[in-house]
Number of protein chains: 2
Amino acid sequence: MRKPILEDVAAAAGVSKMTASRALRGAGDVSKDTISKVRQAAERVGYVGNRLALSLSSRRTNLIGVVVPSMSNIVFPEVLSGISETLEGTGMQAVFGLTDYDPGKEREVIRNMLSWRPAAMIVTGLDQPEETVKLLKQAEVPVIQIMDIDGTPIDYCVGLSHTAAGEEMGRALLQEGRRKFGYVGSRLDRDQRASRRKAGFERALAEAGLRFISVRVGEQVSSAVLGKRLTIDLLADPGELDCIYYSNDDMAAGGLFACIERKISVPETILLAGFNGLELTDALPAAIATSYSPRREIGRTAANLALRALGDAGTTSERIVALSPKLSLRRQAATES
Amino acid sequence: MRKPILEDVAAAAGVSKMTASRALRGAGDVSKDTISKVRQAAERVGYVGNRLALSLSSRRTNLIGVVVPSMSNIVFPEVLSGISETLEGTGMQAVFGLTDYDPGKEREVIRNMLSWRPAAMIVTGLDQPEETVKLLKQAEVPVIQIMDIDGTPIDYCVGLSHTAAGEEMGRALLQEGRRKFGYVGSRLDRDQRASRRKAGFERALAEAGLRFISVRVGEQVSSAVLGKRLTIDLLADPGELDCIYYSNDDMAAGGLFACIERKISVPETILLAGFNGLELTDALPAAIATSYSPRREIGRTAANLALRALGDAGTTSERIVALSPKLSLRRQAATES
DNA sequence: TTGAAAGCGCTAACAC
DNA sequence: GTGTTAGCGCTTTCAA
């Protein structure tokens, strides 16, 4: 027996297709009696609506396309959680796509998503190639760009200035009296945000007449393992560093593990600084400096911007939502306990 | 001007709708000349196909629904990466949904996905409530259940036996001469797999006439922070433990950090054991035991099972794909270098 | 190799 | 409050 369609429900309930449709959606004026009759009939025949038909017919979907570069650390999964959480109960549904930091893949993923006629798009970064931007603009759906605000958004963006974050961290570490800086990162050609943090940091150093004494940039995906290896390598360079800036917390954690094994005291001898403010940093056996990036909140805000853009045109939102990273140089006191 | 549809492309190319459709899809016999004419016309007008119409009309979608409980550690993101990676280039597209370990949410997420008429479903675990199983069966699409193989799959499953993994770890640790065991976990009521690992471990202990001397089970999501806190708490119990089994590596890493701060030597004084074999464990400053769970491979295999189930009925697959976790008690030698 | 007609399963718009 | 008609944008089927 073929899968039941609306007409089967209508027949089973003894009403017309249209009445059944209205009853199931709770739209229009349908008598309480009819509604329960239809609902029961639907239950009985095991009806599951067909969104393809619904969306084609009504010319709108409940889909929000979300495009992120990677799932290899916890950052984007947390953004997705924030989006998913905010969308819950709204009837909207997120659809995710991965680009692996590849602009070509990104364009294909976006093109594919657009063919599903999503109600809105959330994409990572402000640096899409022109062709991709054109694609997004032609789609005529609200576009929310996330993570970054250094640039001009297509419609909306929410995130933080990575240049400023790097600069702020640089200033703070100089303030702490550090003078001999090293840098450890990876894949800066692909990860524009990490590379802007580095540039911002270097600007702060330049103002003090300083620059990175030693630098290591890996080719692999960033991870604690890579951070550890590059740190060990870096520490072999001549010149005693008193501070290392990492592209992110995963790398910095690896650096800390290297220092622990070598019995270098952190942060006394060398101060380590990362980026993201991962929960992991609170558990580490020594403090590393970090800027907390509000990943979940970025996800929530992005979803809210999308919802608002789809709702009544009355409520206008700021086009650029700047969230500031919270700098933390020392271990957080256990604030709440 | 409204968004171009197939008819606009056809008009621009001077052919019929049908010919344009075939030319763009590369289906049927269309002359080379016509094909390039149509492709150019599509490019010119900025045509993006409408998958809603395509799927409704052809009665099949390129969607594979994927339902996972959480994104709060790296495990499921890696599964999703594996799926995404395998689907790339096949024309199939994964759609993700989160359940937050809530059976009610799971049912709603699945029902929602089914309304998009996916070609296959990938869901986490073998322990869906009967009602949800009924929903999946009625959908008449291949269902692949992942992570677990302790049970009977609806259609296919790929994963490992968590009971066996726990038992194997227990035996190995006994073999190592450990005798005084503690356990640290969280949310065992929701995470059935963690709770089965614990049960398996306890079975191994029971065979040796032993049991956990101290146990801590938290209410929050598992994390290094929680693992650290519960470990500190556990260590305050009377009786000197020589081994702690954790619900997973995140928790175990937290335990290690607690030991480092307290200057307890690991693994000499206390051996710590987790589960998952996260990359992080390779970077940690002391070895923790773990079972490597092939997360990415589970994702890949699940996607392949789905693809095969959708392909020519000729190729039948095993219904149950058992992957074995690789036990590691000591730090891996850097095998490849 | 190309085209015309019918219809996928639903809802919008209008009648009653 | 309920039903009827006419599509949504594409593919399938059949004919030329």
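In the text below, chain A, chain B and the rest are named by the order of the sequence lines, each starting its count at 1. Remember, predicted model here, so these are calculated numbers, not experimental data.
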All side-chain hydrogen bond (donor to acceptor under 3.5 Å, both in side chains) counterparts of B/Ser293, not counting sequence neighbours: B/Asn276, B/Arg295
Pick base, sugar-phosphate or nothing for [X], based on heavy-atom distances below 4.0 Å to the nucleic acid.
X	answer
A/Arg25	sugar-phosphate
B/Arg22	base
B/Leu56	base
B/Leu54	sugar-phosphate
A/Asp29	base
A/Thr34	sugar-phosphate

Has the side chain of [X] got a donor or acceptor atom that lies under 3.5 Å from a matching backbone atom of [Y]?
X	Y	value
B/Arg117	B/Thr61	no
A/Ser57	A/Leu54	no
A/Asp100	A/Asp102	no
A/Asn62	A/Gly91	yes
B/Thr99	B/Lys105	no
B/Glu106	B/Gln128	no

So do the side chains of [X] and [Y] get within less than 4.5 Å of each other, counting heavy atoms only?
X	Y	answer
B/Cys157	B/Leu126	yes
B/Met147	B/Pro69	no
A/Leu160	A/Pro294	yes

Can you measure from [atom1] ([X]) to [atom2] ([Y]) and round to the nearest 0.5 angstrom?
X	Y	atom1	atom2	result
B/Leu52	A/Ser55	CG	OG	5.5 Å
A/Ile146	A/Thr301	CD1	OG1	10.5 Å
A/Arg296	A/Ile298	CZ	CD1	12.5 Å

I need the residues from [range] with at least one non-hydrogen atom less than 4.0 Å from DNA chain D; give them sorted by number, or say none.
range	value
residues 108-121 of chain A	none
residues 13-21 of chain A	A/Val15, A/Ser16, A/Met18, A/Thr19
residues 37-44 of chain A	none

Gap between atoms CZ and P, on B/Arg60 and D/dT11 respectively (whole Å): 9 Å
Separation of D/dT11 C1' from B/Ile5 CD1 (nearest whole Å): 14 Å
D/dG9 phosphate, OP1 or OP2, under 4.0 Å from B/Tyr47 side-chain N/O: no
5'-most by nearest nucleotide on DNA chain C - A/Leu52 or B/Ser31: B/Ser31
Those residues that, when tested against B/Glu7, pass side chain to side chain contact (heavy atoms under 4.5 Å, CB included) (two or more places apart): B/Ile5, B/Lys17
Where chain B begins and ends its contact with DNA chain C, read 5' to 3' at 4.0 Å from heavy atoms: C/dT1 to C/dG9
